[in-house]
Colleague: 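Next up is a structure, given as structure tokens.
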Amino acid sequence: MAKQYWLMKCEPSAYTIDDLERDRQTCWEGVRNYQARNFMRDDMKVGDRVLFYASNADPSGVTGIAEISKEGYPDHFSWKKAHKYFDARSKKEKPLWYMVDIDFVERFNATVPLFLLKSIEGLEQMLVTKKGSRLSVQPVTKNEFEIVVRLGRTMTAQTT
DNA sequence: GCCAACGTTGGC
DNA sequence: GCCAACGTTGGC
């Protein structure tokens, strides 16, 4: 299958592209939305590229690039009692929630802010630019991905 | 911090 | 199966 492209949101208080650059790799636990889970469990493949998006940030926007390094597997945090991601409905024999692993690829010098994405021709259909789109794991097209990466590489610290 | 938009839950 | 109530997300 051809390489696919995604956008994954995370609040900076939880994890940032800087954290990923330091760690080189992380697991994407804690997604508790069925649509997002299905993307991770069923569709993401090793090598797929990911726009790393900082939500609830100042400014919110895409901060870098990651890559899927491990395909969907059970989110074992859902089995850990007392963990904030614990969910009694998820059983080891029948996991309810899934996660993937991602590798660090690139950190932009500055965030590509959401307000800029909204103004760019070619990104009108991109889910994250649409009002009320809360999905934390979203598919993006190759074209959208490439536009955002090109923008990201032109960002400098001064432009924000 | 506010609040609109959305997803989920649960009573009926 | 409907839909009101509730909790969460996330831009601003």
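Throughout, protein chains are lettered first and strands after them, A, B, ... in sequence-line order, and every chain is numbered starting at 1.
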Colleague: Do other residues, nucleotides or ligands put more than 12 heavy atoms under 6.0 Å from the CD atom of A:Gln25?
Modeller: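 Above 12, so yes.
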Colleague: By nearest heavy atom, map A:Lys131 and A:Arg32 onto DNA chain B; which one lands nearer the 5' end?
Modeller: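 By nearest-heavy-atom nucleotide position, the 5'-most residue is A:Lys131.
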Colleague: What's A:Arg89 touching, base or sugar-phosphate or nothing? Going by heavy atoms closer than 4.0 Å.
Modeller: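 Sugar-phosphate contact only.
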Colleague: Got a sec, which residues hit side-chain contact (heavy atoms from CB on, under 4.5 Å) with A:Ser55, two or more places apart in sequence or on another chain?
Modeller: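 Listed in chain order: A:Lys9, A:Glu11, A:Tyr53.
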Colleague: Test ring-ring contact (aromatic ring centres under 6.0 Å, His included) on A:Trp97 and A:Tyr34; report intermediate values, then the result.
Modeller: CA-CA 8 Å; A:Trp97 303 114; A:Tyr34 289 105; 4.9 Å; yes
Colleague: Could you list, one pair per line, each protein nitrogen or oxygen that sits under 3.5 Å from a nitrogen or oxygen of nucleotides 2-10 of chain C, together with the distance?
Modeller:
| residue | atom | partner | partner atom | Å |
| --- | --- | --- | --- | --- |
| C:dT8 | O2 | A:Arg134 | NH1 | 3.0 |
| C:dG10 | OP1 | A:Lys9 | NZ | 3.1 |
| C:dG10 | OP1 | A:Arg134 | O | 2.5 |
| C:dG10 | N7 | A:Asn56 | ND2 | 3.3 |

Colleague: Would you classify A:Lys130 as touching base, sugar-phosphate or nothing, given that sugar-phosphate means primed atoms plus P, OP1 and OP2, and contacts are heavy atoms under 4.0 Å?
Modeller: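 The residue A:Lys130 makes no contact with any strand.
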Colleague: Are A:Arg32 and A:Asp75 ion-paired here, with the side-chain N under 4.0 Å from a carboxylate O?
Modeller: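 Yes, this pair counts.
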Colleague: Identify every side-chain donor-acceptor pair in residues 39-47 of chain A under 3.5 Å, counting partners at least two apart or on other chains, and give the distances.
Modeller:
| residue | atom | partner | partner atom | Å |
| --- | --- | --- | --- | --- |
| A:Arg41 | NH2 | A:Asn38 | OD1 | 3.3 |

